[in-house]
Each structure stands twice: as C-alpha cells, then as structure tokens.
Amino acid sequence: MPSEEQQRRLLTVVSSISPQDVATNDQDLPLISPEEQSNDSLDDFNHPRYRKALILQALACRGQEKVSFSVPPLPAADLTDYLSVHSNGLIDFLSTAWTKWDALGEAGQDPSGALTTASKGQAKASTPALIPINTPLMRDGNQRPSKHVMGQVGYYATDHVTPIFESLLPELCMDSAIVETTVKVALESGVAYALPTHPGHHAAEDSFGGYCYVNHAARAARLLQTNFGAAKVAILDIDYHCGNGTASIFYKDPSVLVVSIHCDPDWDYPFHSGFIDETGAEDGKGATLHLPLPPGTKWTTGYRDALVTAANRIVQDFEAKAVVVLLGLDTYENDPCTIRRAGFNLSGKDYWEMGQLIGEKLGDMPVVFVQEGGYRMDVVGTAAADIVVGFCSGD
C-alpha cells in the first residue's frame with residue numbers, strides 16, 4: 001500500500017463546515033450542537049450531522065496536504081435548482097411543508113402525523129416533526145396531493161422515517177450550494193467530494209424517502225452535462241442500498257448511465273427495485289445496470305469483481321465523459337442499519353482498495369463523490385478517509 005506521501009491527486013471536500021469548526025470532547029470525538037443532536041435523534045440509525053462531523057475529522061487527520069476543504073459562502077436561496085431532476089410538486093412541498101404544518105398549531109396537528117422524540121430523552125419540540133399517516137395506492141394517474149399538508153406528505157413520502165422538521169429547508173438549501181460548488185471544483189481540478197447533510201439517492205422525481213429528500217447525484221449529473229458539456233455522464237452507486245430514486249429519474253435517459261452495486265432487494269431495502277433485469281426503458285434501454293449481491297458479501301468474494309464490472313461498463317462500453325460516485329459506507333460489516341436483515345462484510349483496508357480501484361479505473365475523467373449512507377459511527381470516518389486516500393494514491 002503506497003504511503004500517504006505518495007498521493008498524486010488533490011481532492012477538495014465541500015461541506016457546510018470545515019474541520020476547524022468541528023469541536024471535540026475530551027475523547028477527541030466530535031461535538032454537534034443541541035439542535036443537531038435533536039434532529040439526529042429523529043431516527044434510531046440515521047445520524048447525518050454526526051456522520052458529517054466524523055468524516056470531516058477523519059479526512060483532516062488522514063488527508064494531510066492532498067485534501068483541502070471548502071465551504072460555500074452562502075446556501076442556495078431555495079430549492080428551484082433541483083427542478084432539473086424533480087417535479088414542481090415535490091419541490092414546492094419540501095419548500096412549504098414545515099410552514100403549513102407549524103401553522104396548524106397543536107389543535108390542528110393530527111397526533112398520528114407527529115413524530116416525537118420524547119421517548120429518546122429529547123425535550124418536546126414546540127412543533128413535532130411531520131410524518132405521513134397514510135399513503136396512496138400505487139400511482140394510477142387519478143391520484144393527486146390534496147391541499148392539506150397531511151395529504152401532501154402522504155402523497156410524496158415513501159416511508160415514515162424521513163420526517164419534515166423545522167430546519168430541513170435551510171439544510172437542503174445548503175446542500176444545494178454544496179452540490180453546485182462540488183461540481184464546479186471537480187471540473188476545475190478533476191475531483192471533488194460533496195459532503196451534504198442529507199443523502200439523496202432514494203429521492204425520485206416525484207417522491208422522497210429512505211432518509212433522502214432531493215437527489216444530489218442526479219442534479220450533479222445534470223450540472224456536469226450543462227456546465228461541462230459532457231454528453232454522457234455515469235453515476236456509480238456503491239451504497240449498500242440500491243439507488244432506486246436515481247435509477248428511476250434516468251430510467252428512460254440514454255445520456256446517463258446508472259450503475260448500482262447493492263444488496264439484493266429480495267433481502268433488503270428498497271425491496272421493490274434494484275433487480276438485475278431492470279435495465280432501462282425506451283431510449284434508455286441498457287443505460288441502467290443493477291449489480292445486486294447476496295447478504296454477507298465481502299470485498300474478495302464478489303464486491304471487488306462487481307466494482308470492476310461497473311467500471312468497465314462506464315469506461316469501455318458507455319464511454320462516459322464524467323462520473324458521479326455515490327459514497328455509501330453502510331457496506332461495512334455489522335452496520336446497524338443493514339445487519340437487521342442482511343448486511344455486507346467489507347472492512348478495514350477494503351475501502352482503501354476500493355478507492356484505489358475507482359481512481360485507477362475512473363480517475364482520467366472528472367469525478368464527483370457524493371456522500372450517501374453509513375450508520376456505524378465508530379468506523380464511518382475511517383472508511384471515508386480510506387476511500388479518499390486510496391483514490392488519491394494515483395493510477
């Protein structure tokens with residue numbers, strides 16, 4: 001394994017804060033604000049603000065002179081830039097839902113739609129987070145969101161674990177600025193890493209869920225096409241879960257190849273898509289490649305081979321001019337979110353080798369890394385740093 005001094009690529013990490021802004025406790029673990037702690041407590045597994053702090057801390061420690069950090073000067077004014085990949089209805093809902101829900105007051109808020117965290121030791125919020133109380137049957141063309149926010153959240157949400165809460169819109173606006181800045185830096189220097197607060201690959205054109213609200217990777221791909229003039233852009237998703245939202249957005253689009261390496265949906269989320277025979281439709285036939293792997297997959301028993309297959313499809317067959325890599329770290333062994341049903345068994349140096357392989361195979365074109373999942377907090381920072389260091393080790 002090359003030493004870190006032998007790294008040849010410079011990678012810029014773009015996030016809402018810099019490593020210098022991450023306070024630590026006496027055990028050198030990151031501290032996040034009380035508001036961030038409260039928002040991170042909305043789910044038992046998804047703690048994106050703490051994950052972001054851990055990754056920044058690890059990259060600052062391991063990256064040395066080959067990793068730099070950038071913070072957008074301002075968040076985006078709104079979410080309208082995501083209209084390139086999402087419906088007007090979804091973007092309008094995400095932009096207005098909290099205001100509508102909060103305005104109902106306690107008397108008007110159906111308690112069935114109120115997600116509270118009191119059982120987890122958090123103080124009761126003045127207005128609790130919003131979750132659906134019902135969802136429509138499969139969209140049949142006759143259904144539409146009602147004017148009531150309860151009807152709207154049920155229409156656009158795909159689950160009950162991706163709530164609407166007070167600081168969501170500001171966080172998404174900063175995420176928007178992070179994605180735009182990351183693409184710009186990647187086009188200037190060859191590679192950059194977007195570290196938003198929220199993941200995005202389960203968000204489809206007209207729906208959100210799976211901890212994802214807007215699809216950062218899909219937007220990055222469109223930005224690469226419009227700002228770089230890349231006629232062909234590839235998206236490589238290495239999160240444990242299939243990027244079903246991303247695949248659906250581009251399912252009929254021949255200009256964006258979506259490749260996803262994930263746990264077989266017969267075993268794990270999202271369950272209803274990500275099967276090997278889903279290859280695209282109409283003009284996009286052949287521009288989707290799902291590589292589902294069985295539970296217990298290790299780097300040396302299937303994962304590395306799948307990654308080589310994915311890279312060859314991107315470079316040799318599709319001839320992509322730029323690539324977006326979705327960096328999910330929930331492939332790590334004993335990840336608490338995945339081990340409940342299946343789980344993979346990657347660990348340690350596997351992530352360095354993963355980054356090195358991605359750099360070797362894809363490093364000759366602009367590369368945009370986008371952070372997705374990863375729920376084992378004791379290793380998520382190290383795994384991210386290993387991928388970055390491996391990628392920067394050169395071709």
J.: Would you check, one step at a time, whether the test side chain to side chain donor-acceptor pair (under 3.5 Å) holds for S33 with E35?
T.: CA-CA 5 Å; S33 71; E35 180 185 8; 5.2 Å; no

J.: Locate the shortest heavy-atom distance separating I178 from S16; write the atom from each residue and the value.
T.: CD1-N, 3.5 Å

J.: Test of understanding: clusters of I, L, V, M, F, W, Y form through side-chain heavy atoms closer than 4.5 Å, transitively. Do Y269 and W267 belong to the same one?
T.: no

J.: Quick one: are F69 and V71 in side-chain contact, heavy atoms under 4.5 Å?
T.: no

J.: Determine, step by step, whether S95 and D92 satisfy the side chain to side chain donor-acceptor pair (under 3.5 Å) criterion, reporting the C-alpha distance in whole Å, the side-chain angles of both residues, the deciding distance to 0.1 Å, and the verdict.
T.: CA-CA 5 Å; S95 301; D92 181 69; over 6 Å; no

J.: Between the main-chain N or O of G328 and the side-chain N or O of Q371, is there a donor-acceptor pair closer than 3.5 Å?
T.: no

J.: Looking only at atom types and distance, does a side-chain atom of N25 sit under 3.5 Å from a main-chain N or O of L29, one as donor and one as acceptor?
T.: yes

J.: Could you check if a side-chain atom of C392 sits within less than 4.5 angstrom of a side-chain atom of V389, using non-hydrogen atoms only?
T.: no

J.: Do Y156 and D206 have side chains that approach each other closer than 4.5 Å (heavy atoms only, starting at C-beta)?
T.: yes

J.: Check whether S15 reaches the backbone of L195 with its side chain - one donor and one acceptor, N or O, closer than 3.5 Å.
T.: yes

J.: Side chain to side chain contact (heavy atoms under 4.5 Å, CB included), that's the test. Do W98 and L169 meet it? Break it down for me.
T.: CA-CA 8 Å; W98 177 258; L169 182 58; over 6 Å; no

J.: Other residues, nucleotides and ligands only: do more than 12 of their heavy atoms fall within 6.0 Å of NZ on K298?
T.: no

J.: Does the S41 side chain pair with the main chain of S38, one donor and one acceptor, at a distance under 3.5 Å?
T.: yes

J.: Are the side chain of E372 and the backbone of H201 linked by a donor-acceptor contact shorter than 3.5 Å?
T.: yes

J.: For Y332, which of Y351, Y375, F344, W299 qualifies under ring-ring contact (aromatic ring centres under 6.0 Å, His included)?
T.: Y351

J.: Do V149 and L115 share a hydrophobic cluster (ILVMFWY, side-chain heavy atoms under 4.5 Å, transitive)?
T.: yes

J.: Check the orientation of Y82 and H86. Use parallel for under 30°, tilted for 30 to 60°, and perpendicular for over 60°.
T.: tilted

J.: From C337 SG over to D43 CG, what is the distance, rounded to the nearest 0.5 angstrom?
T.: 7.5 Å

J.: May I ask you to decide whether R219 forms a salt bridge with E180, counting only side-chain N to carboxylate O separations under 4.0 Å?
T.: yes

J.: So, taking the atom named CD in E333 and the one named OG1 in T331, what distance separates them when rounded to the nearest 0.5 Å?
T.: 10.5 Å

J.: Taking Y193 as the starting point, is it possible to reach M174 by hopping between hydrophobic residues whose side chains are less than 4.5 Å apart?
T.: no

J.: Search all heavy atoms of S248 against all heavy atoms of G245 and return the closest pair with its distance.
T.: OG-O, 2.8 Å

J.: Evaluate the criterion side chain to side chain donor-acceptor pair (under 3.5 Å) for residue pair T338 and D330; output intermediate values, then yes/no.
T.: CA-CA 7 Å; T338 68; D330 40 6; over 6 Å; no

J.: Between CG of N244 and OG1 of T246, what distance do you get to the nearest 0.5 Å?
T.: 7.5 Å

J.: Just how far is it from atom CZ of R304 to atom CE of M354, taken to the nearest 0.5 Å?
T.: 11.0 Å

J.: Shortest non-hydrogen contact from P163 to L42?
T.: CG-CD1, 4.1 Å

J.: With distance as the sole criterion, is a donor-acceptor pair present between the side chains of S167 and N39 under 3.5 Å?
T.: yes

J.: Can a donor-acceptor pair be found, under 3.5 Å and without considering hydrogens, that links the side chain of W101 to the backbone of P128?
T.: yes

J.: Is D253 salt-bridged to R222, cutoff N-O under 4.0 Å?
T.: yes

J.: For the pair N46 and V161, evaluate side chain to side chain contact (heavy atoms under 4.5 Å, CB included) and give the outcome as yes or no after the intermediate values.
T.: CA-CA 9 Å; N46 187 40; V161 299; over 6 Å; no

J.: Name the residue from L224, I314, L223 that meets the side chain to side chain contact (heavy atoms under 4.5 Å, CB included) definition with V233.
T.: L224

J.: Begin from the C-alpha positions of R51 and D40 and carry the test salt bridge (Lys or Arg N to Asp or Glu O under 4.0 Å) through to its verdict.
T.: CA-CA 10 Å; R51 177 174 60 216; D40 266 9; over 6 Å; no

J.: Tell me, please, whether F45 has R340 positioned over its six-membered ring: NZ or CZ under 6.0 Å from the ring centre and within 45 degrees of its axis?
T.: yes

J.: Does atom NZ (K184) have a neighbourhood of more than 12 heavy atoms from anything else shown, all under 6.0 Å?
T.: no

J.: Start with the C-alpha gap between Y240 and D335, add the side-chain angles, then the distance that decides, and say whether side chain to side chain donor-acceptor pair (under 3.5 Å) holds.
T.: CA-CA 10 Å; Y240 169 84; D335 182 283; over 6 Å; no

J.: Around atom CD of E166, are there more than 12 heavy atoms from other residues, nucleotides or ligands closer than 6.0 Å?
T.: no

J.: Within the structure provided, determine whether I164 and L94 are in side-chain contact (heavy-atom separation under 4.5 Å).
T.: yes

J.: Give a yes or no on whether the backbone of T297 and the side-chain of T301 come within a donor-acceptor separation of less than 3.5 Å.
T.: no

J.: So does G373 get a backbone contact from the side chain of D239, meaning a donor-acceptor N/O pair under 3.5 Å?
T.: yes

J.: If you define the side chain from C-beta out and look only at heavy atoms, does anything of C212 sit under 4.5 Å from T162?
T.: no

J.: Could you go through the side chain to side chain contact (heavy atoms under 4.5 Å, CB included) check for L307 and L236 one step at a time?
T.: CA-CA 9 Å; L307 186 55; L236 171 61; 3.9 Å; yes

J.: Is a donor on one side and an acceptor on the other found under 3.5 Å between the side chain of D264 and the backbone of P294?
T.: no

J.: Please tell me if the side chains of V315 and D364 come closer than 4.5 Å, counting only heavy atoms from C-beta onward.
T.: no

J.: Measure up the F208 and F93 rings against each other and bin them: parallel (under 30°), tilted (30 to 60°), perpendicular (over 60°).
T.: parallel

J.: Within this structure, what is the SG-CG distance for the pair C263 and D268, rounded to the nearest 0.5 Å?
T.: 5.0 Å

J.: Run Y211 and H202 through side chain to side chain contact (heavy atoms under 4.5 Å, CB included) and show every step you take.
T.: CA-CA 8 Å; Y211 306 147; H202 297 308; over 6 Å; no

J.: If you define the side chain from C-beta out and look only at heavy atoms, does anything of P265 sit under 4.5 Å from P292?
T.: yes

J.: Among side-chain atoms of Q57 and T24, is any donor-acceptor pair under 3.5 angstrom?
T.: no

J.: Side chains of N312 and T309: any donor to acceptor distance under 3.5 Å?
T.: no

J.: If you look at every heavy atom in P30 and V22, which pair is closest and at what distance?
T.: CB-CG1, 3.7 Å

J.: Counting only heavy atoms not in I276, do more than 12 fall under 6.0 Å of its CD1?
T.: no

J.: Would L54 and L31 show up in the same hydrophobic cluster when neighbours are defined by side-chain heavy atoms closer than 4.5 Å?
T.: no

J.: Are V14 and L59 in one and the same hydrophobic cluster, where Ile, Leu, Val, Met, Phe, Trp and Tyr link if side-chain heavy atoms are under 4.5 Å apart?
T.: no

J.: For the atom pair CG (L326) and CD1 (I261), what is the distance rounded to the nearest 0.5 Å?
T.: 11.0 Å

J.: With distance as the sole test, does H262 use its side chain to make a donor-acceptor pair with the main-chain N or O of G274 at under 3.5 Å?
T.: yes

J.: Does some side-chain heavy atom of D175 sit less than 4.5 Å from a side-chain heavy atom of Y213?
T.: no

